[in-house]
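A note on names: the letters A, B, ... follow the listed sequences, proteins ahead of strands, and every chain is numbered from 1.
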Number of protein chains: 2
Amino acid sequence: MNNRVEEAPLTFISGEIRTGPGAMQNLSIDCVIFGFHQGRLKVLCVKYAIGPHAGCWALPGGWLHNAESIDGSAARHLRDLTGLEDIYMEQLQAFGSVDRVPDSRIVTIAYYALVRPEDYELIIGYTTTDVQWRDVDNISGLIFDHDEILRCALQSLRHKVRHEPIGFNLLPKKFTLLQLQELYEAILNVKLDKPNFRRKMSKMKLLVPCGEKQQHVAHRAAELYRFDEAIYQRLCEQGFTFEV
Amino acid sequence: MNNRVEEAPLTFISGEIRTGPGAMQNLSIDCVIFGFHQGRLKVLCVKYAIGPHAGCWALPGGWLHNAESIDGSAARHLRDLTGLEDIYMEQLQAFGSVDRVPDSRIVTIAYYALVRPEDYELIIGYTTTDVQWRDVDNISGLIFDHDEILRCALQSLRHKVRHEPIGFNLLPKKFTLLQLQELYEAILNVKLDKPNFRRKMSKMKLLVPCGEKQQHVAHRAAELYRFDEAIYQRLCEQGFTFEV
DNA sequence: CCACATAATGGTCAAAAAGACCACTTATGA
DNA sequence: TCATAAGTGGTCTTTTTGACCATTATGTGG
């Protein structure tokens, strides 16, 4: 998977007040990029190296350009930062208090993305202070209203993950039922019963067994499953609704 | 209830490309204002009298001003159009395709509002072609991407109404359980069982009996109930979640 | 004054789902 | 071989859902 962190166009991050060519002056995009690692929910944060906010942490983002849609802009920022494309990404909402950015009037449209560990492996190893995966529970002091944006994104994720099968976007393509359960436990901050969770999942016939098992584990190897978008669509047409 | 429909500042509706003083040039606000009347879910639409879109229907909206927050701007547009204040209002999302408005680049932030029949009585009687409550199922051909915005708002409302007690904002302060049921049936387009619906509602202890009954009805008078925000907050703190 | 229509209200009952808990299986490292 | 950690299957009770029937209250029209 391509990783272009070192080329991240920091001059376009919205913490920089200076706009680039073709930018829309008063409209920025911010991205809340969630990842799941070692049983913890993480968010990608950037640290400014230059400009008025040098040393400050922020959500990654940048200016909206004239020639791109807002969805396209969010995808561009994610790609520029991580090299990832075709990632689950969704608009959170716009943030537009008058004084959210000192000395200028900038409305930002926040997006959140869910990325798979297999896709961001390279980033995790990245050791500069510029970009870092941080525990969601342990973040504060971001610039502007980014703390609030994150809080909002987290709330939206917690709600959405219970009613739509988007959690799979945080797991590898092939995963075990226990991994899935641990994902939900981490996001929702609850403890679930293993057999019951397993039964619930299999009853909705949403997961496809890969016919493979875990390798090199110090215990009985678990069956690997995958999420099938087509099956989900078909179930939805029959009036199916995903729950927890 | 004050009603200032005739003073609605049509020149600031976003269908007019010309911006007003203090406006932000490329940012508009559009409002999806829902009402409930005679068992039908309605939306407030405006018809342009002048300008390039004369005769066209649109969602009400206008420019975002420099000195106001986006939430404040949405509230201002609602007030200018209907005279209503302190109405349930929430951001839907931003719409920002490059070509959503011909010949200019305008990002719009859509809001939706729920208004009570007792509040909009005066508007219903308003007979000009400028502003009209229209059946949600029967709307198409709005300008720009307003059809899509409406579709989005409707989907969001349908989802939200099932998981949060916001439906009450469409009913009078005092309402019967049947009115509430009919509201849900209209929004969700389903048929519900009366005794079961009643039991479900009373079991969550969210509604407060007013101690009054319906008057002048040609059948057994129903108890009137009201929604109590404080009770809801208290229940939420105990881990309560509203469902259907 | 008496049926009648309409809606409120109360009750039952079976099916389905949720949740708690126990028991056993399987693969690996010590 | 044995302890361990995780997979897997089972049971049981409680809750919830949904369907349906019965009764009660209130105004209307004959």
J.: Going by side chain to side chain donor-acceptor pair (under 3.5 Å), name the pairs with one or both residues in residues 204-216 of chain B, residues two or more places apart or in two chains.
T.: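 Passing the test, one end in residues 204-216 of chain B: B:K174-B:E212.
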J.: Run the ring pair (Phe, Tyr, Trp, His ring centres under 6.0 Å) test against B:F175 and tell me which residues pass, sequence neighbours left out.
T.: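 Only B:F168 meet the ring pair (Phe, Tyr, Trp, His ring centres under 6.0 Å) criterion with B:F175.
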J.: Does any pair with a residue in residues 138-155 of chain A pass salt bridge (Lys or Arg N to Asp or Glu O under 4.0 Å), and if so which ones, sequence neighbours excluded?
T.: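 Found A:R100-A:D145.
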J.: For DNA chain D, find the residues of residues 177-185 of chain A with a heavy-atom distance under 4.0 Å and give them by number; none if there aren't any.
T.: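 Those residues are A:L178.
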J.: Once salt bridge (Lys or Arg N to Asp or Glu O under 4.0 Å) is applied, do any residues pair with B:K203, and if so which ones, sequence neighbours excluded?
T.: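 Residues passing salt bridge (Lys or Arg N to Asp or Glu O under 4.0 Å) with B:K203: none at all.
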J.: Using a cut-off of strictly less than 4.0 Å between a heavy atom of the residue and any atom of DNA chain C, enumerate the qualifying residues of residues 193-201 of chain B by number.
T.: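 When residues 193-201 of chain B is checked for heavy atoms under 4.0 Å from DNA chain C, the hits, listed by number, are B:K194, B:P195, B:R198, B:R199.
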J.: Could you check A:K203 against A:K213 and say which one's nearest nucleotide on DNA chain C is further toward the 5' end?
T.: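 Closest to the 5' end, via its nearest nucleotide, is A:K203.
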J.: With a 4.5 Å limit on heavy-atom distance, are the side chains of A:L84 and A:V115 in contact?
T.: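 A:L84 vs A:V115: side chains touch.
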J.: Starting from Watson-Crick (N1-N3 plus N6-O4 or O6-N4) and G-U wobble pairs under 3.5 Å, report the runs of at least three that DNA chain C belongs to.
T.: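 DNA chain C stems, ordered by first number: C:1-30 with D:1-30.
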J.: Any sub-3.5 Å donor-acceptor pair from B:R158's side-chain atoms to B:I187's backbone N or O?
T.: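 Checked: pair present.
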J.: To the closest 0.5 Å, what do you measure between OG (B:S202) and OH (B:Y225)?
T.: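 So the gap between those two atoms works out to 7.0 Å.
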J.: Would you mind reading off the distance between A:H219 atom NE2 and D:dA5 atom P, rounded to a whole angstrom?
T.: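 After rounding, the reported distance stands at 10 Å.
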J.: Mind checking which nucleotides bracket the chain B contacts on DNA chain C, 5' to 3', with an atom under 4.0 Å from a heavy atom?
T.: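 So the outermost contacting nucleotides come out as C:dT6 to C:dT12.
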J.: Within the 4.5 Å heavy-atom criterion, are B:L183 and B:Q179 side-chain neighbours or not?
T.: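 No; the side chains remain at least 4.5 Å from each other.
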J.: Name each donor-acceptor pair under 3.5 Å that joins a side chain in residues 159-166 of chain A to protein atoms two or more places apart or in another chain, with its distance.
T.:
| unit_1 | atom_1 | unit_2 | atom_2 | d |
| --- | --- | --- | --- | --- |
| A:K160 | NZ | A:E90 | OE2 | 2.2 |
| A:H163 | ND1 | A:E243 | OE2 | 3.1 |

J.: Tell me every residue that passes side-chain contact (heavy atoms from CB on, under 4.5 Å) with B:E229, counting only those two or more places apart in sequence or in another chain.
T.: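 Partners of B:E229 under the side-chain contact (heavy atoms from CB on, under 4.5 Å) test: B:F227, B:Y232, B:Q233.
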J.: D:dA6 C1' sits how many Å from A:Q214 CD, rounded?
T.: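 In whole Å, D:dA6 C1' lies 9 Å from A:Q214 CD.
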J.: So do the side chains of A:L224 and A:T176 get within less than 4.5 Å of each other, counting heavy atoms only?
T.: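 In short, these two side chains touch, coming nearer than 4.5 Å.
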J.: Scan residues 192-201 of chain B for pairs that pass side chain to side chain donor-acceptor pair (under 3.5 Å), counting only residues two or more places apart or in two chains.
T.: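 Residue pairs with at least one partner in residues 192-201 of chain B: B:D193-B:N196, B:N196-B:R199.
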J.: Would you please name every residue forming a salt bridge (Lys or Arg N to Asp or Glu O under 4.0 Å) with A:R234, sequence neighbours left out?
T.: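 Residues passing salt bridge (Lys or Arg N to Asp or Glu O under 4.0 Å) with A:R234: none at all.
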J.: Could you state the atom-to-atom distance from CD of B:E223 to P of D:dT26 in whole Å?
T.: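 Rounding to the nearest Å, CD of B:E223 and P of D:dT26 are 12 Å apart.
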